[in-house]
Amino acid sequence: MAPPTAVPTTPVPRRAPVDPNLDLEAEIRRLKRARNAVILAHYYQDGEIQDLADFVGDSLGLSQQAAKTQADVIAFCGVHFMAETAKILNPTKTVVLPDLDAGCSLADRCPPDAFAAWLAQYPGHEVVSYINCSAAVKALSTIICTSSNAVRVVKSLPKDKPIVFAPDRHLGRWVEQQTGRAMVLWPGFCVVHEQFTARRLLQERAKHPDAEIIAHPECEASVLALADFIGSTTALLDHVTKSPKRAFIVATEMGILHAMRKARPDATLIGAPPDSGCSCAACPYMRLNTLEKLYVALRDLEPRIELPEDVRRRALAPLQRMLALG
Ligand code: 13P
Ligand code: SF4
């Protein structure tokens with residue numbers, strides 16, 4: 001897998017070294033109290049980070065938590081666009097991301113200039129942007145969506161208005177199927193979910209004939225066609241928690257297996273194997289965050305997310321439109 005491409009970052013100052021004998025968990029808890037900080041973590045983070053977080057969720061749940069937190073500091077254990085979303089919602093709070101280079105293939109491959117030029121071809125269209133995009137792209141959008149509310153968001157738009165959807169073409173195609181509305185799709189994809197193939201899933205199902213296949217809508221159509229259930233990370237976790245089935249082949253990033261194993265210790269949970277030679281589907285961006293970097297972020301209140309105020313303000317409106325839908 002290609003190494004993560006860089007999101008625009010500020011130069012990182014040299015940090016004081018971390019004592020290797022430090023009890024990182026205890027120090028993170030102490031600093032969290034001292035700073036009046038909240039730790040928000042996505043399900044794709046390492047289990048040890050999820051276990052320390054105040055809230056673990058999908059992109060929608062995390063943005064809802066960020067919108068209502070009373071903390072002074074948000075330590076965001078996820079990727080850049082997620083922490084940036086927290087900053088859009090909380091301009092006066094300090095938002096830190098343990099590794100500022102934790103980008104996302106969807107956000108990084110939808111540069112705002114190219115996006116603006118592309119949009120110019122579609123005047124009069126509503127612009128629905130998946131939350132996996134930069135603040136500057138959000139600022140060009142009518143409304144934001146996540147994988148858990150994309151269908152609801154598209155259905156909320158006037159029927160007579162044409163729609164462009166960016167930047168995930170697979171999620172976009174799935175939403176087209178669910179809503180019956182044709183959309184113009186930006187050709188982006190997630191480097192993690194694109195590695196799942198129908199061929200490898202069928203091999204896996206032959207080994208586990210009783211297992212349900214569950215998949216994230218960032219997977220391509222041939223993979224989704226095999227899935228018994230499709231949903232965001234939270235929806236997949238809820239499904240596994242409530243399902244009477246005892247085995248699941250899970251086609252999304254492997255970090256979610258941590259929460260699934262806690263919810264269903266009795267179940268067999270199989271991470272769908274990617275078709276890339278790797279044995280597991282790990283997001284290279286999410287993995288950049290570590291316990292040690294989280295400790296440093298709380299200790300130094302760096303690296304911080306900062307945004308030009310005009311971009312932040314323009315990005316806020318489409319985000320609030322999404323949050324108002326509930
Ligand atoms: P959700 O958090 O909406 O499930 O999306 C998964 C993802 O890829 C986040 O980057
Ligand atoms: Fe982006 Fe895919 Fe990683 Fe999510 S899993 S952060 S969509 S690259």
Side-chain angles (χ1 to χ4, degrees), residues 1-7 40-46 50 53 55-66 76-86 97-110 128-134 137 144-153 166-172 174-175 186 188-196 214-220 223-224 227 229-240 250-257 259-260 271-272 274 276 278 280-289 319 322-323:
M1 185 183 300
T5 50
V7 282
L40 303 182
H42 192 271
Y43 285 121
Y44 293 166
Q45 290 290 273
D46 287 341
Q50 292 187 43
F55 179 84
V56 186
D58 67 358
S59 305
L60 179 63
L62 290 166
S63 49
Q64 288 166 334
Q65 288 295 318
F76 212 114
C77 299
V79 291
H80 193 275
F81 75 81
M82 296 178 178
E84 202 175 51
T85 301
L97 178 64
D99 192 315
L100 214 46
D101 285 330
C104 167
S105 60
L106 283 163
D108 295 354
R109 293 178 192 177
C110 187
V128 180
S129 291
Y130 189 31
I131 199 164
N132 299 38
C133 65
S134 65
V137 165
I144 305 304
C145 72
T146 76
S147 62
S148 52
N149 64 15
V151 170
R152 188 149 34 109
V153 165
D168 190 306
R169 64 181 175 200
H170 300 308
L171 176 66
W174 180 71
V175 172
W186 174 274
F189 61 91
C190 160
V191 289
V192 180
H193 291 86
E194 251 215 9
Q195 292 179 58
F196 300 122
I214 61 172
H216 195 281
E218 287 177 14
C219 296
E220 62 174 43
V223 167
L224 295 181
F229 181 81
I230 298 166
S232 75
T233 42
T234 295
L236 295 177
L237 176 60
D238 286 350
H239 179 78
V240 165
V250 183
T252 191
E253 211 271 357
M254 57 179 275
I256 188 68
L257 296 175
M260 286 181 177
S276 59
C278 299
C280 58
C283 172
Y285 307 93
M286 290 277 181
R287 301 295 133 204
L288 288 175
N289 293 328
L319 202 51
M322 173 190 84
L323 291 171

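Atoms within a ligand are numbered from 1 in the order they appear, just like the ligands themselves. FYI, side chains are in, hydrogens and waters are out, and symmetry mates aren't considered; it's all heavy atoms of this structure. Worth saying up front: this structure is predicted, and the values here are computed from it rather than measured.
Among protein heavy atoms, the minimum distance from atom 5 (O) of ligand 1 is reached at His216 NE2, 3.2 Å. When hydrogens are left out, the protein atom nearest atom 10 (O) of ligand 1 is Asn132 ND2, 3.3 Å; that is the closest non-hydrogen contact. Atom 8 (O) of ligand 1 has its closest protein heavy atom at Glu218 OE2, 3.0 Å. Among protein heavy atoms, atom 4 (Fe) of ligand 2 sits closest to Tyr44 CE1, 4.0 Å. Of all protein heavy atoms, the one lying nearest to atom 2 (O) of ligand 1 is His42 NE2, 2.7 Å.
Under the 30°/60° scheme for interplanar angles, the aromatic rings of His216 and His193 are found to be tilted.
For Thr233 (side chain) and Tyr43 (main-chain N/O), no donor-acceptor pair under 3.5 Å exists by modelled atom type. A side-chain donor-acceptor contact under 3.5 Å links Asn289 to the backbone of Asp99. Panel note: side chain Gln50, backbone Gln45; a donor-acceptor pair is recorded below 3.5 Å. Side chain of Glu218 to main chain of Phe189: no donor-acceptor pair is present (N/O by atom type, distance under 3.5 Å, no hydrogens or angles).
Of the N and O atoms on the side chains of Ser148 and Thr146, at least one donor lies less than 3.5 Å from an acceptor on the other residue. The closest side-chain donor-acceptor pair between His170 and Glu194 falls under 3.5 angstrom. Side-chain contact check for Tyr44 and Thr252: at least one donor-acceptor pair (N or O, by modelled atom type) lies under 3.5 Å.
For ligand 1, the atoms sitting less than 4.0 Å from at least one non-hydrogen atom of Met82 are 9 (C), 10 (O), numbered in the order shown with element in parentheses. Taking every non-hydrogen atom of Ser232 and a distance limit under 4.0 Å, the qualifying atoms of ligand 1 come out as 4 (O). Less than 4.0 angstrom separates some heavy atom of Thr233 from each of these atoms of ligand 1: 1 (P), 2 (O), 4 (O). Residue Ser147 approaches ligand 1 through these ligand atoms, each under 4.0 Å from one of its heavy atoms: 1 (P), 3 (O), 4 (O), 5 (O). Atoms of ligand 1 lying under 4.0 Å from any heavy atom of Asp58, numbered from 1 in the order shown and given with element: 1 (P), 2 (O), 4 (O). With ligand atoms numbered from 1 in the order given, ligand 1 contributes 1 (P), 2 (O), 3 (O), 5 (O), 9 (C) to contacts under 4.0 Å with heavy atoms of Ser59.
Between Leu60 and Thr234 the shortest side-chain heavy-atom distance does not fall below 4.5 Å. In this structure, the side chains of Met82 and Ser59 come closer than 4.5 Å at one or more pairs of heavy atoms.
Under 4.0 Å from ligand 1, the heavy atoms of Tyr44 that appear belong solely to its side chain. Contact annotation: for Val192 versus ligand 1, there are no heavy atoms closer than 4.0 Å. Only the side chain of Tyr130 comes within 4.0 Å of ligand 1, counting heavy atoms alone; its backbone N, CA, C and O stay farther away.
In terms of polar-atom proximity, Ser148 is not counted as a contact of ligand 1, lacking any N or O under 3.5 Å from an N or O of the ligand.
Residues forming a side chain to side chain contact (heavy atoms under 4.5 Å, CB included) with Phe55 (at least two apart in sequence, or on another chain): Leu40, Leu62, Gln65.
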Subject >> Full working for side chain to side chain contact (heavy atoms under 4.5 Å, CB included) between Met322 and Ser63 >> reply: CA-CA 10 Å; Met322 173 190 84; Ser63 49; 4.0 Å; yes
**OP:** I would like to know whether Trp174 and Cys219 meet side chain to side chain contact (heavy atoms under 4.5 Å, CB included); could you show each step before the answer?
**Re:** CA-CA 9 Å; Trp174 180 71; Cys219 296; over 6 Å; no
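Residue-and-atom listing of protein N/O/S atoms under 2.8 Å from atom 2 (Fe) of ligand 2, sorted by chain and number: Cys190 SG.
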